[in-house]
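A short worksheet on the structure shown next.
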Protein chains: 2
Amino acid sequence: MEHDHIATAATETATRARTRRAILDAAVTVLSANHAASLADVAEAAGVGRTTVHRYFAERSDLVAALGADVRERLQEATARARVDEGPAPEALERLCLEYFELGDRLMLLFDVPQFLSWAGFEEETDSDRVLVRLIERGQAEGTVDAGADAEWLQNVLWSLLYAAWMQARDYGAPRHTAISSCLHTVRKAMAAS
Amino acid sequence: MEHDHIATAATETATRARTRRAILDAAVTVLSANHAASLADVAEAAGVGRTTVHRYFAERSDLVAALGADVRERLQEATARARVDEGPAPEALERLCLEYFELGDRLMLLFDVPQFLSWAGFEEETDSDRVLVRLIERGQAEGTVDAGADAEWLQNVLWSLLYAAWMQARDYGAPRHTAISSCLHTVRKAMAAS
DNA sequence: CGAAAATGGAACATGGATGTTCCAATGTGG
DNA sequence: CCACATTGGAACATCCATGTTCCATTTTCG
């Protein structure tokens, strides 16, 4: 991050950085609501001309790739904030859930837009994926997480419960805190040592 | 079902019924793999000319609607087979999971293709949805299902765990029986009375 | 202020999916 | 075997998203 000024060829103006961000943010909102949305929709949501979108992302795939990178980055930051190596595994898992839940629509794109998993650097396992699996395995070793279930399965359980919680909040109009607390409740029970 | 012969204007030939089914089956496979697949893809997968597809389903939306009706029907059959009113709620829930899991790709369409929930008669709650919620509430009243969680939330939990299990089997190549048994294991724990 | 950067919008070319029509060929059932 | 149902494929018109080019205008910044 600290060398953004050399990331793209020549420095990116503050103005351009803001526009780029506006487009990315709009894209998250629009695409998570409708995967088939056109670039014109994204442009409108970003309050920007369609031409401008193409100026920043030549092809649709470039935009998707950038979104992927963005999500990947935020996922890592969130993972870092959760300090998964500290304290008992179950509590670390809760911290992780809370952090991931905050990513909201960005995270949902990973589920909803399949292209994400193939494009944009998600071909292989994410760092965050590895961290999560290791955390679960640590818990199983500690005896605080169900050792009778496959760690990879429990990883998917966590993801899908997060997805369910977010759906509950977005589509069913449940308050965010209700959704996330239900989610944590169930995650706790599902992962608990038997 | 028993009045299929008066459903469409005039009786539908056995031949036509077979092609219709071939198209619907192919559509399930193709569309669940790629939501943006073209009708030409569906036709090819069905071993049928593109023209023929249009002969049975004038517009794309007609095909989607028919798919929706098909899923809805199979969902009800599966629900009936699970005999949710018999025995303890947790066991009924397991039977339901097994039945739903067998629906495979058809069920996944409900998750993956958002249009399904708006088109094709899913605007309002499905019968199957109501049955599931009532079953959960029965369990909570019996004291065999976690009363500390909202019934609607638990419903979503079940759906998303089924989704996760199916993904595990389809995309990660896990054996079906492994996936479903992991799923049942977790569903049992997640729903158990606290 | 004034030059360079950044933008919006019109206009155009393109490709792919869609839906329709027509006809020859094949299959089906009486 | 023959009439009828069913099909495949070519050909066509249409629509829409995409991507590109060009230019006038606005914004930013030194």
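Chain letters run A, B, ... following the sequence lines, proteins first, then strands; residues in each count from 1. Below, each value reflects all heavy atoms present in this structure, side chains not excepted, and no hydrogens, waters or symmetry copies.
- Residues B/Leu98 and B/Leu93 share a hydrophobic cluster, clusters being chains of Ile/Leu/Val/Met/Phe/Trp/Tyr side chains in contact below 4.5 Å.
- Taking every side-chain heavy atom of B/Thr15 into account, C/dT28 is the closest of C/dT28, D/dA17, C/dT7.
- Taking atom CD of residue A/Glu12 and atom C1' of nucleotide D/dT28, one finds them 15 Å apart after rounding to whole Å.
- Contacts with DNA chain D (heavy atom under 4.0 Å) in residues 39-52 of chain B: B/Gly47, B/Val48, B/Gly49, B/Arg50, B/Thr51, B/Thr52, listed by number.
- Residue A/Phe57 contributes atom CZ, which lies 15 Å from atom P of D/dT20 at whole-angstrom precision.
- Residue B/Arg60 contributes atom CZ, which lies 19 Å from atom P of D/dC15 at whole-angstrom precision.
- Judged by distance alone, the side chains of B/Gln140 and B/Asp146 never bring a donor and an acceptor atom under 3.5 Å apart.
- Of the residues near DNA chain C, B/Ala58 and B/Arg55, the one whose nearest nucleotide (by heavy atom distance) lies more toward the 5' end is B/Ala58.
- In this structure, A/Leu63 atom CG and D/dG19 atom P are separated by 10 Å, rounded to whole Å.
- A salt bridge is defined here as a Lys NZ or Arg NE, NH1 or NH2 lying under 4.0 Å from an Asp or Glu carboxylate O, and A/Glu99 with A/Arg95 fails to meet this definition.
- In terms of phosphate contacts, B/Thr13 brings a side-chain nitrogen or oxygen within less than 4.0 Å of OP1 or OP2 of D/dT6.
- Ring orientation note: the planes of A/Trp159 and A/Tyr100 are close to parallel, at an angle under 30° on the 30°/60° scale.
- Between A/Trp166 and A/Phe101, the angle of the ring planes goes over 60°, which puts this pair in the perpendicular group of the 30/60° scheme.
- B/Tyr56 comes within 4.0 angstrom of sugar-phosphate atoms only, judged by non-hydrogen atoms across all strands, and of no base.
- Atom pair B/Arg20:CZ and D/dT6:C1' shows a separation of 14 Å (rounding to whole Å applied).
- Remark: C1' of D/dC15 and CD of B/Glu59 are 13 Å apart, rounded to the nearest angstrom.
- Between the CG atom of A/Asp62 and the C1' atom of D/dG19 there is a distance of 11 Å, rounded to whole Å.
- Rounded to whole Å, the distance from NE2 on A/His54 to P on D/dT20 is 8 Å.
- In this structure, A/Glu137 CD and A/Glu152 CD are separated by 8.5 Å, a value rounded to the nearest 0.5 Å.
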task = In sequence, state the C-alpha distance, the side-chain angles, and the governing distance for A/Asp127 and A/Arg72, and then conclude on salt bridge (charged side-chain N to carboxylate O under 4.0 Å, His left out).
result = CA-CA 9 Å; A/Asp127 285 343; A/Arg72 188 194 197 92; 5.8 Å; no

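- Counting any heavy atom pair closer than 4.0 Å across all strands shown, A/Arg16 reaches sugar-phosphate atoms only and no base atom.
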